[in-house]
Amino acid sequence: MPENKMPSNFIRTIIQEDVRKNTHQGQVVTRFPPEPNGYLHIGHAKSICLNFGLALEFGGRCHLRFDDTNPLKEEDLYVHSIQEDVRWLGYDWDRHLYFASDYFERLYDLALELIRSGKAYVCSLNQEETRHYRGTLTEPGKDSPYRDRTVEENLDLFQRMRAGEFAEGQHVLRAKIDMAHPNLNMRDPVVYRIMHARHHRTGDAWCIYPTYDFAHGLSDAIEGVTHSLCSMEFEDHRPLYDWFLDNLPLPSRPRQYEFARLNLNYTVLSKRRLIRLVQEGVVSGWDDPRLPTISGLRRRGVPSAAIRRFCQLIGVGKSEGIVDMAILEHAIREELNKSAPRVMGVLDPVKLVIVNYAQEKEEELQAVNNPEDESMGTRSVPFCRELFIERDDFREDPPRKYFRLAPGREVRLRYAYFVTCEDVIKDEDGQVQEIHCTYDPETRGGAAPDGRKVKGTLHWVSARHCLRATVSLYDRLFMVPDPTAEEKKGGDFMQHLNPGSLTVLKDRPVEPHLGRAQAGERYQLERKGYFCVDPDSGPQGLVLNRTVTLRDTWAKLEKKHTG
RNA sequence: UGGGGUGUAGCCAAGUGGUAAGGCAACGGGUUUUGGUCCCGUCAUUCGGAGGUUCGAAUCCUUCCACCCCAGCCA
């Protein structure tokens, strides 16, 4: 179960006060209410961590409720993926799985109740007329000519709406509030509309469907939700949320609070845009590792604990800001550093020959699996005369402060021996073909009995024993500098997609024991980043996908020195 | 020029009358068999601006400014 508590934030403070004052009998019941019209992304994770995290912290419960009131947009596929993702994030709704559609009968009865008390009426204006009557931001609206229909007439019409006697758009049911209200949401909002559409759960049982405003608060009240947390754009809807609760007989009285949704720089986080990326085939699917969807992050190798940690780090407030991607990457590194076994591998190999090491000799050397965690044990790594090292780990003409291998220089092969570069074999283009070294047998394991130090430690793989892996380097999972800004300039964000620098390297030498790696396991390829064993790898060989890079001080130094 | 919000460092964010937490990033140093990790240090005389109240203001008042949301029978 998630170990991360939500950090101090205003909602937490409100709940603490409510518990102290025994509001809601001291109960804390929250809910995560997605509409099943797409996959969950990291923005939803913020809401999930908030809602489930708070419930956990205060010994309450959190419901998973699908807000499925619009059959045109919703699909079963999404209700499954959402459940899978919430579970993967580490949260459990126990028996509290609900659907707004489960309440359709009850909501209908409540609508009848509203009509009976003279607080709702059937309006027969068409959509355009309705818009016209609503007024504008600065001008009040006008009463609908149908506003004064009698209770009997309204009851009759509404029942006939349900019975399917009318075409879509012919009538709607509206709450009778105030057409001159400065808040447009209060100008007689629509609560039921006719939709002759098949619903993913109720099928053809209904042809009228409640709107969000009507269904949401009532569902909260039916379920006994105490704290209904939603994003800022619903702040204007709160008076309406309260109006329904005040005007209908309900078993409980929830309160709505709003918080700012997540914005991540360079990242597409709107469902509208994500759907386009998927439908237009820009990505391979909702779980494409370049996407910020929960399933994409999972496939990329991001641990759910890192996402929870990220949500804890960013906090919860009411101001809309843009969170730096670096925080997510930090959270991922922090988690993976603790949990990922280290392994040696070479992305750009060059051969290193130890000339004074016998041709047929082989050794098994002991390597530590994780210096952060002794309990992860050790493994043995085969060693022989010919090895691969990273091409970049050798410089014929080393720059200042470069402390890896160079002619005449001694370095350590990690867990193996000290070696000294004696010779370089190049081809006719001047490309280094082989590096010839001598080793010091006294330094077995990587330590010198005479106490002498070397500045560099190199990673290596035995040429004779190594396994060949395909390594994919996704440098970034984000795609557009600022989609909203692009669209404001009148452009299409699709025109500004970062191609996503995916580099695929085949046949890269890695330690042989990786042959037993399981799909989904994460490793730190030392000095190269954290990698996840591709879920699809198997018969076609080992595939490692980069999850996130390591902090690279050398790259920074090099950049600084070369300007 | 209707209504509702937000404004604390490059980014996120605590703080709600007693003298600006923390994290990310950045920079400097130490440890290190990963140029990783870890550790230490530096980084807001000031809280969107201007006035005012107060012994004392990021917090209260006035006013101005900037940005976001709302005119779906979407959620």
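Since the structure is predicted, the reported quantities are computational estimates derived from the model, not experimental observations. Sequence lines set the chain letters: A, B, ... in the order given, protein chains first and strands last, and positions in each chain run from 1.
No hydrogens or angles considered: a donor-acceptor pair under 3.5 Å links the side chains of A:Gln366 and A:Thr378. No side-chain donor-acceptor contact under 3.5 Å links A:His41 and A:Thr293. Side-chain contact check for A:Tyr103 and A:Glu223: at least one donor-acceptor pair (N or O, by modelled atom type) lies under 3.5 Å.
Residues satisfying the salt bridge (Lys or Arg N to Asp or Glu O under 4.0 Å) test with A:Asp220, not counting sequence neighbours, are A:Arg65.
The base-pairing partner of B:rA66, taking Watson-Crick or G-U wobble contacts with both distances under 3.5 Å, is B:rU6. B:rA71: no Watson-Crick or G-U partner with both key distances under 3.5 Å is found in any strand. Figure legend. B:rA25 is base-paired to no nucleotide; pairs are counted as Watson-Crick or G-U wobble with both atom distances under 3.5 Å. Searching all strands for a Watson-Crick or G-U wobble partner of B:rC43 with both distances below 3.5 Å returns nothing.
The nearest whole Å value for the distance from the NZ atom in A:Lys318 to the C1' atom in B:rA14 is 17 Å.
With both ends at atom P, the span from B:rU6 to B:rC60 equals 12 Å, rounded to whole Å. Using atom P as the reference point in both B:rA9 and B:rU46, the two lie 13 Å apart (nearest Å).
The phosphate of B:rG5 has neither OP1 nor OP2 within less than 4.0 Å of any side-chain N or O from A:Ser319. Contact annotation: A:Arg134 reaches the phosphate of B:rG72 (side-chain N/O to OP1 or OP2, under 4.0 Å). A sub-4.0 Å separation between OP1 or OP2 of B:rA75 and a side-chain N or O of A:Arg193 is present. Contact check, A:Lys556 against B:rA26: a side-chain N or O comes under 4.0 Å of OP1 or OP2. The side chain of A:Arg527 places an N or O atom within less than 4.0 Å of a non-bridging phosphate oxygen (OP1 or OP2) of B:rG35. Close to B:rC24, at under 4.0 Å from its OP1 or OP2, lies a side-chain N or O of A:His330. Taking only side-chain nitrogens and oxygens, A:Thr138 never comes nearer than 4.0 Å to OP1 or OP2 of B:rG3.
Looking at heavy-atom distances under 4.0 Å, A:Asp552 makes contact with sugar-phosphate atoms alone, never a base. Here A:Val368 lies out of heavy-atom contact (under 4.0 Å) with every strand. At the heavy-atom level, A:Leu240 lies nowhere under 4.0 Å from the strands shown. At the heavy-atom level, A:Tyr209 lies nowhere under 4.0 Å from the strands shown. Within the nucleic acid shown, A:Thr136 comes within 4.0 Å of at least one base atom, counting heavy atoms only.
Between A:Cys421 atom SG and A:Arg409 atom CZ the span is 10.0 Å, to the nearest 0.5 Å.
Taking the syn range as angles within 90° of 0, the glycosidic angle of B:rG22 is outside it, so the base is anti.
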